[in-house]
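The structure under discussion appears below in the form of structure tokens.
Count residues from 1 along the sequence.
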Amino acid sequence: MSSFSQYPDPDYTVVHLSDTHFLADRRPQFGSVDTDRGLRRALDRLRGELGRADLVVVTGDVADLGEPDAYDRVAELIEPAAADLGAELLWVMGNHDERPAFSARLHGRASDEPQDRVITVGGLRVVALDSTVPGYHHGELTDGQLDWLRGVLAEPAPDGTVLALHHPPLPTRVKLMGLVELRAAERLAEAIRGSDVRAILAGHLHYSTFGTFAGVPVSVAAASCYTIDPLPGGREFVGVDAAHAFNLVDVFADRVVHAVVPIDSAPPVTHNSAEFIARLEAMSPTERDAAFSRKATVAPRPD
Ligand SMILES: [Fe+2]
Ligand SMILES: [Fe+2]
């Protein structure tokens, strides 16, 4: 297909899923949320509409209570989907996960240790950092983990580094979530400042939010299970079974671009046909301007 844009195709496309929160035996979360449905729908969209990707990252809370059956079921859905996309797969621990069951199923060996990982996809380095504290929901990084991270980042990667961790190093509008945020975040800032980290991917908040940390863009993916409404500005914590989403992360030589993709389907209200797009492709840039960019109708002047 000829390009309509001044920008090249991305060097890497990363699928960023988060917070699947499966329970054993397909029990519904809170007695009502069908956690499998959102994830299945997301993977169906990726298979049918994206087709290929370089990496799938799951930023934690894979299981709601750390049950082995929950890890089995999530993995049985995501592993073949990643294979169909031709993508590597990287799992990140969340506070609802339990290290022994998580590592046994997803990393091939049961362990109580922090589940930190580094993989390379072409020239892109991707680091999974385990921000969990056993027995608690808030996040912390140990001195040992930060030393390890500094060591990993000591040598730049050809296309830079993406850092993935569950607890985002950002403030949140949901006041209660402040109690379970990444504590002492400045220690992570010291570890990555001046490094080749180009993007930070996180979860935990169950709504899409973006910011910067130590000069690095941070993107938080919403959940595939339920969404926390960030607007009730008081002290409430409101979860809704709606607005499920995942993110697509396009990595270019000089920028990283995040897109929030809705999981839930809705009837289209407008679309352009494949025939129209084929006609556009056959046109010169000037003809395309006339056919697509030029306003078909002009609003009356306000005077
Ligand atoms: Fe979560
Ligand atoms: Fe979480």
Side-chain angles (χ1 to χ4, degrees), residues 9-24 26 34-63 66-94 97 101-111 115-130 157-159 161-166 199 201-203 219 221-225 244-251 256-263 265:
D9 289 337
D11 296 329
Y12 307 95
T13 295
V14 179
V15 175
H16 178 192
L17 293 160
S18 203
D19 293 80
T20 48
H21 278 271
F22 276 31
L23 286 154
R26 210 173 166 172
D34 180 357
T35 54
D36 293 46
R37 188 207 65 85
L39 180 59
R40 283 176 189 274
R41 169 78 183 143
L43 298 175
D44 285 348
R45 290 210 63 189
L46 290 165
R47 278 195 176 97
E49 300 172 70
L50 182 66
R52 68 154 302 282
D54 298 284
L55 173 67
V56 175
V57 177
V58 185
T59 47
D61 286 356
V62 176
E67 298 159 300
D69 177 65
Y71 291 113
D72 282 342
R73 287 183 19 261
V74 174
E76 284 164 13
L77 290 174
I78 294 184
E79 284 171 349
D84 288 348
L85 293 168
E88 301 280 334
L89 178 53
L90 186 65
W91 302 96
V92 183
M93 270 283 296
D97 293 307
F102 174 100
S103 57
R105 178 60 180 85
L106 304 178
H107 288 163
R109 188 176 74 85
S111 168
Q115 294 300 299
D116 303 323
R117 282 284 185 283
V118 55
I119 65 168
T120 54
V121 180
L124 185 68
R125 179 166 55 199
V126 188
V127 177
L129 205 52
D130 180 349
D159 294 327
T161 296
V162 172
L163 178 63
L165 77 170
H166 182 67
L201 309 183
S219 170
S224 63
C225 58
H244 313 88
F246 62 90
N247 289 1
L248 293 177
V249 186
D250 286 323
V251 180
V256 180
V257 181
H258 306 262
V260 177
V261 183
I263 288 176
S265 57

Quiz item: How close do T59 and A164 get, heavy atom to heavy atom, and via which atoms?
Solution: CG2-CB, 4.2 Å
Quiz item: Which heavy atom in D61 sits nearest to a heavy atom in D97, and how many Å separate them?
Solution: N-OD2, 2.9 Å
Practice problem: Sort out for me which residue in D69, D72, D34 forms a salt bridge (charged side-chain N to carboxylate O under 4.0 Å, His left out) with R26. | Solution: D34
Quiz item: Side-chain contact, heavy-atom cut-off 4.5 Å: S265 with R45?
Solution: no
Practice problem: Considering non-hydrogen atoms only, spot the tightest contact between A70 and A63 and give its length. | Solution: CB-CB, 3.7 Å
Self-check item: Test side-chain contact (heavy atoms from CB on, under 4.5 Å) applied to L201 and H258, step by step
Solution: CA-CA 10 Å; L201 309 183; H258 306 262; 3.7 Å; yes
Self-check item: Shortest non-hydrogen contact between S103 and Q115, atoms and distance
Solution: CB-OE1, 3.3 Å
Self-check item: Reported OG-to-CD1 distance for the pair S224 and I78, which is rounded to 0.5 angstrom
Solution: 7.5 Å
Quiz item: Got a donor-acceptor contact below 3.5 angstrom from the Y12 side chain to the V249 backbone?
Solution: no
Self-check item: Side chains of V57 and L17 in contact at under 4.5 Å (non-hydrogen atoms)
Solution: no
Quiz item: By salt bridge (Lys or Arg N to Asp or Glu O under 4.0 Å), which residues pair with D84, not counting sequence neighbours?
Solution: R47
Self-check item: Interatomic distance, I263 atom CD1 to D44 atom CG [nearest 0.5 angstrom]
Solution: 11.0 Å
Practice problem: Report the residues that fulfil side-chain contact (heavy atoms from CB on, under 4.5 Å) with T35, sequence neighbours left out, ordered by chain and then residue number. | Solution: F22, Q29, V33, C225
Practice problem: Could you grab the distance from atom CD1 of I119 to atom CG of L55, nearest 0.5 Å is fine? | Solution: 5.0 Å
Quiz item: Where is the tightest heavy-atom contact between G66 and A101, given as atom of each residue plus distance?
Solution: O-CB, 3.4 Å
Quiz item: Taking it one step at a time, do L85 and T13 satisfy side-chain contact (heavy atoms from CB on, under 4.5 Å)?
Solution: CA-CA 11 Å; L85 293 168; T13 295; over 6 Å; no
Quiz item: Can you tell me how far the CD atom of E79 sits from the CH2 atom of W91, to the nearest 0.5 Å?
Solution: 6.0 Å
Quiz item: Hey, mind stepping through V14 and V162 against side-chain contact (heavy atoms from CB on, under 4.5 Å) and telling me if it holds?
Solution: CA-CA 10 Å; V14 179; V162 172; 5.8 Å; no
Exercise. Quick one: pull up CG in L46 and CZ in R41 and give me the separation to the nearest 0.5 Å.
Key: 10.5 Å
Exercise. Hey, could you give me the CG/CG distance between L106 and L89, rounded to the nearest 0.5 Å?
Key: 8.0 Å
Quiz item: Any luck finding a side-chain donor-acceptor pair between H107 and R117 under 3.5 Å?
Solution: yes
Quiz prompt | Heavy-atom pair of closest approach, residues D159 and L124 | solution = O-CD1, 3.5 Å
Quiz item: Between N247 and H16, is there a donor-acceptor pair closer than 3.5 Å when you use the side chain of the first and the backbone of the second?
Solution: no
